[in-house]
Amino acid sequence: MKIDQDKSDFLDEMLDTWQQENLLSEADVQKLKGSYEAKSFDWRRLAQYSFWIAMACGVISLGALLIDNKVLDYLYKLYDTPDSLICLISAAAAAYLYYISFKRKKSRAMEVFSNDALIFTAVMLTANAIAYLGKALGKGESHFSLLILFSVLIYGILAFIFKSRLIWIFTMISFGAWFGTETGYLSRDNLYFLGMNFPLRFVCFGLLLTVAALLLRKIKAFNFFYETTYIGGMIYLFVSLWLISVFGNFGTLDQWYGIRQISLFYWALISMGACGISIFAGLKFRDDIAREFGITFLFINLYTRYFEYFWDTWHKALFFSVLAASFWFIGRRAEKIWNLEFLKK
């Protein structure tokens, strides 16, 4: 059996450890080691990264075209094309790509990344169709958050029909965009909505999305999207908590510049407290996602506070010496875990 190099190394170290602890004989270890073989090259990972780079280059290419004067002049000539026609063309192209990609998903299930690339293109065309639908209906200038809500419904329906986590990711991104634009519209473009700036609003949004994912995980129809929704909610929650710990509940940068960073320490405590709760819940309920998010953002918060409070007051040599020592300590602990030293007597 051929496996990835990192998995092969892990199994080798585990077997060697069990041999040292007399749990396995040398003959058993050699027999087990002979049952697997490390791959000479991880082609799957190369394919994954290649498709990611291809999609990124496609987006950059489109952006480069749109800033080219000759292309812009040509687009201006096509300006008279009805918005409704562009909407129909985009929708038809998206529908065709959805059909092709999910047909390939059944007949060529192993070609995961090329199938996802087709879905990604179809999702972009869907967004374009919805945008031009809004222009055709004349709704884009007043309450355009309704268009974003419409895209949430479209993506959500498509995700459930085709059982696609990739489309569901765009559903959650659109849902977050709708929440931000809708609260901005309801506040009449005020800096605050119910006394909250944007980061604080998304703390509430991320918390509600996370709780909803946990409550709905036992529903069979939703179970396929549970983990993706859970991770999405945690990303919204912890990124927003980190932002609020840095900027506080201020609406503009001018207001933020006028205060000392130490005055926002209570927001930092709230953010780190949420990390602690996440770590505790992850350990208690064996929830890897909660544990990893808590640990990751606890470190991010600690290093953010370190830069905030000591960058201007400490000599730079001392500052970076302490930073180097802390990273060395973390690296050493991680190395021990990687080498399974906690299993060795």
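What you see is a predicted model; the values in this text were computed from it and never measured. When reading the values below, keep in mind they use all heavy atoms of this one structure, side chains included, and skip hydrogens, waters and symmetry mates.
Annotation for F310: atom CZ counts as buried by contact number, over 12 foreign heavy atoms lying within 6.0 Å. A 6.0 Å sphere centred on NZ of K163 holds more than 12 heavy atoms belonging to other residues, nucleotides or ligands. For F175, the CZ atom is loosely surrounded, since the number of other residues' heavy atoms within 6.0 Å does not exceed 12. The environment of Y226 atom OH is dense: over 12 non-hydrogen atoms of other residues, nucleotides or ligands sit within 6.0 angstrom. Under a cut-off of 6.0 angstrom, the local environment of CD in E227 is sparse, with at most 12 non-hydrogen atoms contributed by other residues, nucleotides or ligands. Counting non-hydrogen atoms of other residues, nucleotides and ligands closer than 6.0 Å to OH of Y96 gives a total of 12 or fewer. Within 6.0 Å of CZ on F299 lie no more than 12 heavy atoms contributed by other residues, nucleotides or ligands.
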- prompt: Can W256 and F247 be said to form a ring-ring contact (aromatic ring centres under 6.0 Å, His included), step by step?
  reply: CA-CA 6 Å; W256 178 63; F247 298 104; 4.8 Å; yes

- prompt: What do the steps show when you test C275 against F238 for side chain to side chain contact (heavy atoms under 4.5 Å, CB included), and what is the final call?
  reply: CA-CA 8 Å; C275 294; F238 279 98; 3.9 Å; yes

message: Checking I231 against F293 for the side chain to side chain contact (heavy atoms under 4.5 Å, CB included) test, could you report, in this order, the C-alpha distance in whole Å, the side-chain angles of both residues, the deciding distance, and whether it holds?
response: CA-CA 9 Å; I231 293 173; F293 266 95; 4.1 Å; yes

task: Could you go through the ring-ring contact (aromatic ring centres under 6.0 Å, His included) check for F205 and F202 one step at a time?
output: CA-CA 5 Å; F205 177 79; F202 275 95; 5.7 Å; yes

message: F297 vs V239, test: side chain to side chain contact (heavy atoms under 4.5 Å, CB included). Steps then yes/no.
response: CA-CA 8 Å; F297 277 91; V239 171; 3.9 Å; yes

message: Assess the residue pair L200 and W267 against the criterion (side chain to side chain contact (heavy atoms under 4.5 Å, CB included)); give the C-alpha distance rounded to whole Å, side-chain angles, the decisive distance to 0.1 Å, and a yes or no.
response: CA-CA 10 Å; L200 189 53; W267 287 115; 4.2 Å; yes

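Put simply, F120 and F162 are part of the same group of oily side chains (I, L, V, M, F, W, Y) that touch within less than 4.5 Å, one to the next. Hydrophobic clustering, with ILVMFWY side chains joined whenever heavy atoms are under 4.5 angstrom apart, keeps L146 apart from Y185. In the hydrophobic clustering of ILVMFWY residues, with side-chain heavy atoms under 4.5 Å counting as a link, L243 and L194 come out together. In the hydrophobic cluster analysis, where Ile, Leu, Val, Met, Phe, Trp and Tyr join through side-chain heavy atoms closer than 4.5 angstrom, W178 is grouped apart from L153. Tracing side-chain contacts under 4.5 Å through hydrophobic residues (I, L, V, M, F, W, Y), one reaches L237 starting from L216; they form part of the same cluster.
When ring centroids are compared, W168 and F225 come within the 6.0 Å threshold. For an aromatic pair to be called close, the ring centres must be under 6.0 Å apart, and F198 with F193 fails this. Ring centroid separation for the pair F160 and F224 does not come in under the 6.0 Å cut-off.
Looking at T126, V123, I154, V152 one by one, the single match for side chain to side chain contact (heavy atoms under 4.5 Å, CB included) with F170 turns out to be V123.
Atom CG of L264 and atom CG of L269 lie 11.0 Å apart (nearest 0.5 Å). From L207, atom CG reaches atom CE of M234 across 10.0 Å, with rounding to the nearest 0.5 Å. L149 CG to I130 CD1: the interatomic distance, rounded to the nearest 0.5 Å, is 10.5 Å. Rounding to the nearest 0.5 angstrom, the gap separating the OG atom in S145 from the CZ atom in F179 is 12.0 Å. The distance from the CG atom of N197 to the CD atom of Q255 is 9.5 Å, given to the nearest 0.5 Å. One finds the CG atom of L147 at 11.5 Å from the OG atom of S174 (value rounded to the nearest 0.5 Å).
Judged by distance alone, the side chain of Y155 and the main-chain N or O of M172 form no donor-acceptor pair under 3.5 Å. When atom types are taken as modelled, the side chain of S90 and the backbone of C87 share no donor-acceptor pair closer than 3.5 angstrom. The closest donor-acceptor contact from the side chain of T296 to the backbone of E292 lies under 3.5 Å. Of the possible polar contacts, none joining the N301 side chain to the M272 backbone as a donor-acceptor pair under 3.5 Å is found. Within the 3.5 Å criterion, the main-chain N or O of N249 finds a donor-acceptor partner in the side chain of Y192. Counting only distance, with no hydrogens or angles, the side chain of S278 and the backbone of A290 share a donor-acceptor pair below 3.5 Å.
Closest approach of L97 to A122, counting heavy atoms only: CB-CB, 3.8 Å. Considering all non-hydrogen atoms of both residues, A281 and D287 come closest at O-CB, 4.4 Å. The two residues S187 and G184 make their nearest non-hydrogen contact at OG-O, 3.0 Å. When all heavy atoms of R201 and M196 are compared, the pair lying nearest together is NE-O, 3.1 Å. The two atoms that bring I169 and T228 nearest to each other are CG1-CG2, 3.7 Å, heavy atoms only. Here the closest heavy-atom approach between residue G156 and residue T171 is recorded as N-OG1, 3.4 Å.
Looking at heavy atoms from C-beta onward, F307 lies in side-chain contact with L323 at the 4.5 angstrom threshold. Between E308 and V246 the shortest side-chain heavy-atom distance falls below 4.5 Å. Looking only at side-chain heavy atoms (C-beta outward), F250 and L191 stay at 4.5 Å or farther from each other.
For the residue pair S271 and W242, no side-chain donor N or O sits within less than 3.5 Å of a side-chain acceptor on the partner. Counted by atom type alone, S326 and Y306 present zero donor-acceptor pairs between their side chains at under 3.5 Å. Side chains of S245 and R305: a donor on one and an acceptor on the other come within 3.5 Å.
Taking the charged nitrogens against the carboxylate oxygens, D288 and R291 do have a contact shorter than 4.0 Å, which makes a salt bridge.
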